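Chain naming here is simple, since letters A, B, ... match the order of the sequence lines and numbering starts at 1 in each. Just so we're clear, the structure is a prediction, and the values are computed from it rather than from any experiment.
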Amino acid sequence: MNLITALVIGTLFAAGIYQILRRNVIRAAIGLALISNAINLYLFSMGTYNGLAAAYTTATEQISDPLPQALVLTAIVISAGGFAFVLGLLYVLSTRYKTSDSDEINGLKH
Amino acid sequence: MTESILLLPLLLIVLGLPVVFLLRRMGLTNPKAGWLLSTFPLAAFFILLYAYTLLPHGKPLFFRLPWIPSLGLNFSLYLDGLAALFGLIITGIGALVVLYTGYYFDDAHPTRPTSGETHKSSLEVRFFAYILLFMLAMLGVVLAGDFITMFIFWEGTSISSFLLIGYKYKDEAARKGAFKSLFITGGGGIALLAGCLFVIHLTGSADWNTVIAGRELLTNSPLYPAFFTLIVFGAFTKSAQFPAHIWLPEAMSAPTPASAFLHSATMVKAGIYLLARLNPALGGTDLWFWVLSGFGLITMLAGAYLGSKQNDLKPLLAYSTVSQLGVLVALIAQQSEIAFKALVISILAHALYKSALFMAAGIIDHETGTRDLRQLGGLRKQMPILFAITSIAALSMAGLPPLFGFLAKETLLASATHPGLPPIIDSLFPLTTVLAGALILFQAAILVWGVFLAPPADPKHPPHGHDPRPGFWLPPAIPALLSLLIGITPIEPAFLANFLADSAKAAYGAKVKVSLALWTGINVPLLLSIVAVSLGAALFWQRNRLRAALMTFLPDLTVNRLYDWTLRGLDWLAKTATHLQGGQVRVYLRVIAISAVSLYLLLGGFPPLSLLPSPQWNLHGLNGLRAFSLVIMAVAALSTIFLRRDLFSVLALGVVGLSVAVWMALEPAPDVALVQVVVDILTTVILILGLNAIPRKQRDRANELLHSRRGMTRDWFVAGIFGLAVALTTFTALELRPRESLVSPYYAENAKPMTGAKDIVGAIVVDFRGSDTLIEIMVFGMAGVAIYTLFHFGARKPGEASTQETLQTLPARMPRGIYALPTSPLLHTLAYVMLPLAFLLGATHMMYGHDQPGDGFTAGVIISLAIAMWYIVFGYQETRRKLTWLNRNNLVATGLTLALLNALLGVALGEGFFAPVNYGDRLSLPLPPGFSLSSAFLFEVAICLTVMGAATLMIDNLGRIREDENA
């Protein structure tokens, strides 16, 4: 089980890295989102115990660890905000450079 | 609090700085400002003198102010004999130099037509400020009580010296000289800091008392050669020891007052001070002796030799300073009483005569317009007072009786012939001293001869000038007279002798007897002195031939080429390093990815293989749905790559997010899953909108630029090993994670009693870790506002007007959807219904989020998505016209303010920041069952408002672009 989870997270990460290395900046944004998902998943699965019921005080069975859930909640929101900002940046880059090819966006060179 | 008196001198100088700027407003002339400002260092001088008399018998004063106590850092000051000697020289000569500066920059009496130094009629505020700044730094160095405080002031001297040398910044020589001095002394400063850190690490404290007490520990440490080298390197660069001396002659492009102050009396002595201060802690070893003796003697001789080659008065004086600094370093190397006696006498004597000579050189330059020995001559009749001053100081420099300099040379020779010296040095030291002494005497002689006595070099154009006003010649006259008075006074000045003995004691570490009697009978030093004087006289007699030989044959001994090569090499290195960056972001990313994995493998290593469950895979906890969500996740992630159209790729990304949500829901973690769902939808929506913000043609072109097969294989390889590394880490972490939580049970137990929430996750988010969430929504709100800013100002080309338009100017038109596409009335109705429904849904989320899945964030995103639907159905302009209440920026601001107020209200009610408060119960309001008007609810509302504002900002800014283009 752990091995499978790890492999899936690794796959998400690998796909994200591959996308980030594309020349099309939109693909790079998609890669970024994939990596955020992988990281959130990673954090989420680090709970100390898996339960049978959601983390409610009324639960009668063993509840799942609420702490990583709360932390991941924050992480999801922040990665979404960051991702939206990246999209804004990409738009500005594409209007300034008239291209979405990252190889041509090199105004900082030298 | 006698110690705190040590702060006063520093504070006085600091006080002088604003006064400088005040004086400009008052429109004072330079000389008047000089008189006024010199009172600050003068007062500091007397305070130091008073503080010195307060010293409890032989014990230093120590003042300490905690700075960063957790790191053991203090701001501390320290006064003993050694610090007092330097401090008095700095403030005493400083007062004279400030006074001198006023006249130096005086234009009221233009006695000289034009020369290298530009004069302005206004007050030289900048110069006065720099010189006071330097004085502060220098005083700080000698009064500092520990390494760190000293280092800060030490760097201050480098920087203010840079400013002073580069004062005439329009002159290239000044700029180059300033840079060179900063480069060399700054480099030495870095080495010094590293050395200091070693010492602090070994002794456990930075202050002088501890460091000196840790002598055994330090000198026996195996690291001793390392930090010895670093510290001595710092001191040598500062004190211009060969071959780092090259910056000092070039520093002469500073205005003369700065040269007189920095480059003769004070800054170059900082290294000497440091070595003397650390001698009790680090000295006495073989390494110390040989390195300091070696460099000291070489510098002594090289400085004396190079000085004899100069025609310009200031470099001549600068090189003789270099020589003198070599003398001082060589003296610190010796561990004998007489050497430290010689050290303190030489420091004082040199400070007195050299500052006088520098100031005199400045006056000559100021009055005649030149400092070149080849153009001067015969000024004795025209400038009798200056002639007297210069002669006295030069006699002291030459080491002739009955001046103070004679005493300095006698004690130097006595320590050079000290019987305790080891072989080689016992012959080299006296030999070098005699040779250097003869050369210095020669220089002093040609200085006086060339300027005042010799017939003018060019009889047709003799230099002419006359004695300046008293205020101008007074500053050099005082130290010159002191050199004479200390020498000839029949009664030995007991105070001075005791004072010098005290200073020497601090540097030597044991008692030193100092007598200032000139005549000590016929002995070896006297005989050697006579040899040196005769040799010097012989050199002077043959001066013309000697000078000609010096100028033509003998080498310059300069290491400037080495310095130039170093600089050029650095430039080349920087350029090459920059060329490596080809401007392709992908290349950088690849390098980053490979480096990250390599570091991980290098430092983290592989996970223990025992964790890998061999054939039988542990499938515990895997059911159909979970397996399904994982498979979908992996497949969708890979399809984002293989789907050629961007839109499909984005949709596949959405699928990844949704299957993550399914996985989370199966945990079971309904709160997280819910947020993941809404965030995934939001992300997909803005990504699709963003997709359309960038013209299709552009994107297609970027996609069509097919990567070569090799490039793709390489990227797959990079991505593959990165993914493998992540998988390995995750697997190891999952296997090894603790199965017992220390924190979660606390939350589980206290959620209900403390916050009244059934939902533990919700309680953590809005109550236990409320500050986290507050920051989280701040980030989200900021992202929204930042996107707005980017789109309104960033995308605009310079000069173009903002595309901002007011709602009033928007024309009413037929509702058309996004990209001006016609939309069906069915959709319109749906949108009209959706919005109030979304509000209702949001409200229930906020009200019951404490007991049920859902929270303010979900509520905010749901409402924003309903608004997004409006944008899609009615188009941007129509939506803005219809939803006039939707002021996004204000929503973000209101939300954040409410969140903060809510948090602070807890403080006001005495419950604490972000403490759960149930207002409904407090005010006993009739509320529906299951709903409580608590601080958590208010916080949820605040979150909802912020998220609504930020999310709609994201959606409409990304969505409206193409519409504008199409419209």
Residue Glu749(B) versus chain A: region with a heavy atom under 4.5 Å:
neither
Below 4.5 Å, heavy-atom pairs only: which of Ala634(B), Gly781(B), Ser741(B) has the largest tally toward chain A?
Ser741(B)
Which answer fits Val77(A), side chain, backbone, both or neither, if we ask what part of it has an atom under 4.5 Å from a heavy atom of chain B?
both
Looking only at heavy atoms and a cut-off of under 4.5 Å, which of Phe85(A), Phe44(A), Phe13(A) has the most pairs with chain B?
Phe44(A)
Pick one of side chain, backbone, both or neither for Gln69(A), based on which atoms fall under 4.5 Å of a heavy atom in chain B.
both
Between Gly31(A), Ala29(A), Ala70(A), Ala75(A), which has the largest tally of heavy atom pairs under 4.5 Å with chain B?
Ala70(A)
Residue from Val631(B), Ile686(B), Leu687(B) scoring the most non-hydrogen pairs under 4.5 Å with chain A is Leu687(B)
Modelled atom types, side-chain donor and acceptor of Thr858(B) and Asp855(B), under 3.5 Å:
yes
Tell me, side chain or backbone of Leu89(A) under 4.5 Å from chain B's heavy atoms, or both, or neither?
both
Report which part of Ser64(A) has an atom under 4.5 Å of a heavy atom belonging to chain B: side chain, backbone, both, or neither.
side chain
So which of Ala751(B), Ala950(B), Pro738(B) has the largest heavy-atom pair count under 4.5 angstrom toward chain A?
Pro738(B)
Given that the side chain runs from C-beta out, which part of Ile26(A) has a heavy atom under 4.5 Å from chain B: side chain, backbone, both or neither?
side chain
Under 3.5 Å: donor-acceptor pair, side chain of Gln19(A), backbone of Thr640(B):
yes
At a heavy-atom separation under 4.5 Å, does Phe83(A) approach chain B through its side chain, its backbone, both, or neither?
side chain
With under 30° as parallel and over 60° as perpendicular, where do the rings of Phe857(B) and Phe780(B) fit, or are they tilted in between?
perpendicular
Is the side chain of Arg626(B) donor-acceptor paired with the backbone N or O of Leu666(B) at a distance under 3.5 Å, no angle test?
yes
Does some side-chain heavy atom of Asp671(B) sit less than 4.5 Å from a side-chain heavy atom of Tyr56(A)?
yes
Please check this pair: side chain of Arg27(A) against backbone of Arg23(A), looking for a donor-acceptor N/O pair closer than 3.5 Å.
no
Given the options Thr11(A), Asp65(A), Leu73(A), which has more heavy-atom pairs under 4.5 Å with chain B than any of the others?
Leu73(A)
Which of Val677(B), Leu674(B), Val947(B) passes side-chain contact (heavy atoms from CB on, under 4.5 Å) with Val861(B)? It is Val947(B)
Chain A heavy atoms under 4.5 Å from Val743(B): which part of the residue, side chain, backbone, both or neither?
side chain
Given Glu667(B), Met633(B), Lys575(B), Lys752(B), the one with more heavy-atom pairs under 4.5 angstrom with chain A than any other is Glu667(B)
Tell me which of these, Ala725(B), Ala733(B), Ala593(B), Ala757(B), has more heavy-atom pairs under 4.5 Å with chain A than the rest.
Ala733(B)
May I ask you to decide if Leu734(B)'s main-chain N or O and Arg737(B)'s side chain share a donor-acceptor pair within less than 3.5 Å?
yes
Winner by heavy-atom pair count (cut-off under 4.5 Å) against chain A, out of Val765(B), Val656(B), Asp759(B)
Asp759(B)
Show your reasoning for whether side chain to side chain contact (heavy atoms under 4.5 Å, CB included) applies to Ile688(B) and Thr684(B).
CA-CA 6 Å; Ile688(B) 290 174; Thr684(B) 311; 4.1 Å; yes
